[in-house]
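This report refers to the structure that appears directly beneath it.
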Number of protein chains: 2
Amino acid sequence: MPARGDHEARRRDVSEAVWRVLAARGFGGLTLRAVAAEMNASTGLLTHYFPSKKALVAYALDVADERTASWDRAVAPAPGMAALRTALMDVLPLTPEAAVMNRVWVSSWDGSLGDQDLGVRETERYERWRSRLRPHVQDALDRGELPAGGDVESLTVTVAAFTHGLVVQALFDPDRFPAERQVAVLDDLLRSLAGGSAD
Amino acid sequence: MPARGDHEARRRDVSEAVWRVLAARGFGGLTLRAVAAEMNASTGLLTHYFPSKKALVAYALDVADERTASWDRAVAPAPGMAALRTALMDVLPLTPEAAVMNRVWVSSWDGSLGDQDLGVRETERYERWRSRLRPHVQDALDRGELPAGGDVESLTVTVAAFTHGLVVQALFDPDRFPAERQVAVLDDLLRSLAGGSAD
């Protein structure tokens with residue numbers, strides 16, 4: 001029986017290989033064969049870990065979750081709108097690493113929409129994201145940085161929607177959406193929401 | 001040799017079957033076997049039409065394009081902001097049919113991000129969509145419905161981003177985002193962009 005350390009090391013190898021496959025090919029390219037090739041291992045060895053395609057996809061989502069959670073996020077410079085801006089910039093594909101992360105998540109939606117269990121996970125993941133944004137929106141309302149009477153829920157949904165939609169446009173058209181353009185469009189939106197004009 | 005009419009009828013059968021597979025399972029579930037089963041045909045027959053998985057995916061994107069183009073769009077009630085609102089509502093999953101259409105497009109992003117040719121097609125499709133929205137944004141600026149000095153390009157990207165991001169949230173969480181909620185959040189955004197408060 002292998003030592004505990006071996007087991008952990010092997011698990012880390014699998015996790016790294018899964019991530020490299022996702023980063024290069026998305027979930028559509030995630031197969032036992034591709035992961036095995038990344039590890040210089042046999043497909044047979046991997047079927048020990050993943051008895052089904054769904055088990056492999058579920059594990060890949062765990063790997064993506066771990067990667068996202070360990071993301072080295074920027075420290076918010078101040079509460080309210082400044083923190084909201086930072087939280088949204090954290091998601092946008094402003095760096096090659098963030099582009100890979102986003103590409104993996106966008107590519108996961110196909111499988112998550114087609115599978116009830118995975119769909120529930122993604123629904124929960126969305127609500128967790130909105131829950132992280134909501135306090136910043138509430139702070140901005142409390143501080144008068146957003147107009148009085150604004151609906152915290154509607155504003156939270158709006159900035160989340162805008163950010164993911166911009167992610168998709170930028171992934172498909174990186175030339176048209178370099179980092180500074182993404183941030184400029186975000187700042188225009190935040191200015192509009194704050195009640196200023198868009199220019 | 002079959003008559004021309006037979007050929008067209010068969011092509012229509014294939015197209016219908018491809019659409020039904022996409023609607024039920026997305027691009028991740030699109031296989032020759034699944035399409036053949038939908039047609040009660042042999043996989044061998046279909047390989048005559050689709051020599052590769054990529055050929056099948058490319059054809060499926062054509063089918064989705066045709067379906068989207070033939071979409072019975074609402075007639076804009078007036079130019080400017082009203083037309084922009086209608087154009088965005090046309091995209092949102094406000095009906096079961098629109099939800100299926102969106103599910104197909106969102107599920108196509110995985111494959112399009114992983115293939116250069118398909119990626120170029122999606123990049124062009126995005127630009128065509130923005131090109132349809134842009135005149136409405138310009139009209140709204142010209143009519144003073146959007147603040148003077150607003151950037152037509154930034155506003156167009158913003159409403160497109162918001163709409164697709166709301167599509168994704170609503171597809172994963174239809175209970176939280178019934179049609180009236182989607183429209184309410186859209187109207188809040190349009191009011192903010194117009195320079196009004198969000199309440």
Side-chain angles (χ1 to χ4, degrees), chain A residues 24-29 57 103 106-115 119-120 122-123 125-127 130 146-151 153-155 157-173 175-177 181-182 184-186 188-189 192-199, chain B residues 24-29 57 103 106-115 119-120 122-123 125-127 130 146-151 153-155 157-173 175-177 181-182 184-186 188-189 192-199:
Chain A
R25 311 185 209 179
F27 277 82
V57 170
R103 184 224 189 286
V106 171
S107 87
S108 79
W109 290 337
D110 183 13
S112 294
L113 285 169
D115 181 278
V120 167
E122 184 63 16
T123 304
R125 191 178 294 116
Y126 253 109
E127 180 47 20
R130 287 188 298 257
L146 286 169
D151 178 331
E153 200 53 39
S154 178
L155 287 162
V157 168
T158 295
V159 295
F162 165 83
T163 303
H164 267 179
L166 186 55
V167 162
V168 178
Q169 287 181 77
L171 287 181
F172 278 110
D173 211 342
D175 292 344
R176 194 186 296 260
F177 294 99
R181 172 108 181 96
Q182 296 178 51
V185 178
L186 169 63
D188 280 353
L189 172 68
S192 288
L193 294 177
S197 79
D199 63 347
Chain B
R25 311 186 208 178
F27 278 82
V57 170
R103 183 224 189 288
V106 170
S107 87
S108 79
W109 290 338
D110 183 13
S112 294
L113 285 169
D115 181 278
V120 167
E122 184 63 15
T123 304
R125 191 178 295 115
Y126 252 110
E127 180 47 20
R130 287 189 297 258
L146 287 169
D151 179 331
E153 200 53 40
S154 177
L155 287 162
V157 168
T158 295
V159 294
F162 164 82
T163 303
H164 267 178
L166 187 55
V167 162
V168 178
Q169 287 181 77
L171 287 181
F172 278 110
D173 211 342
D175 292 344
R176 194 186 297 259
F177 295 99
R181 172 109 180 98
Q182 296 178 51
V185 178
L186 169 62
D188 280 353
L189 172 68
S192 287
L193 295 178
S197 80
D199 63 347

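For A:Glu127, the part lying near chain B is the side chain, with the backbone staying farther off; criterion is any non-hydrogen pair under 4.5 Å. Residue contact with chain A, scored on non-hydrogen atoms closer than 4.5 Å, involves the backbone of B:Arg25 exclusively. Looking at A:Thr163, neither its backbone nor its side chain comes within 4.5 Å of chain B, counting heavy atoms on both sides. A:Ala160 touches chain B through backbone and side chain together, each having a heavy atom under 4.5 Å away. Both the backbone and the side chain of A:Phe27 come within less than 4.5 Å of a heavy atom in chain B. For a residue to count as touching a neighbouring chain, one of its non-hydrogen atoms must lie under 4.5 Å from one of that chain's; by this rule A:Leu189 touches chain B with the side chain only.
Using modelled atom types, one finds no donor on one side chain facing an acceptor on the other under 3.5 Å when comparing B:Asp173 with A:Thr123.
In terms of heavy atoms, B:Arg181 sits closest to A:Val157 at NH2-CG2, 4.1 Å. Closest approach of A:Asp110 and B:Ser107 over heavy atoms only: OD1-CB, 3.0 Å.
Atom CH2 in A:Trp109 sits 10.0 Å away from atom CG in B:Leu171 (nearest 0.5 Å). Taking CZ of B:Arg176 as the start and OH of A:Tyr126 as the end, the distance is 12.5 Å to the nearest 0.5 Å. Here the CD-OG1 distance, from A:Gln169 to B:Thr158, works out to 8.5 Å after rounding to the nearest 0.5 Å. For the atom pair OG of B:Ser154 and CG of A:Asp188, the computed distance is 3.5 Å after rounding to the nearest 0.5 Å.
In terms of heavy-atom pairs under 4.5 angstrom with chain B, the leader among A:Val185, A:Val167, A:Leu113 is A:Leu113. The candidate with the highest count of non-hydrogen atom pairs below 4.5 Å against chain B, out of A:Gly114, A:Ser112, A:Gly165, A:Ala161, is A:Ala161.
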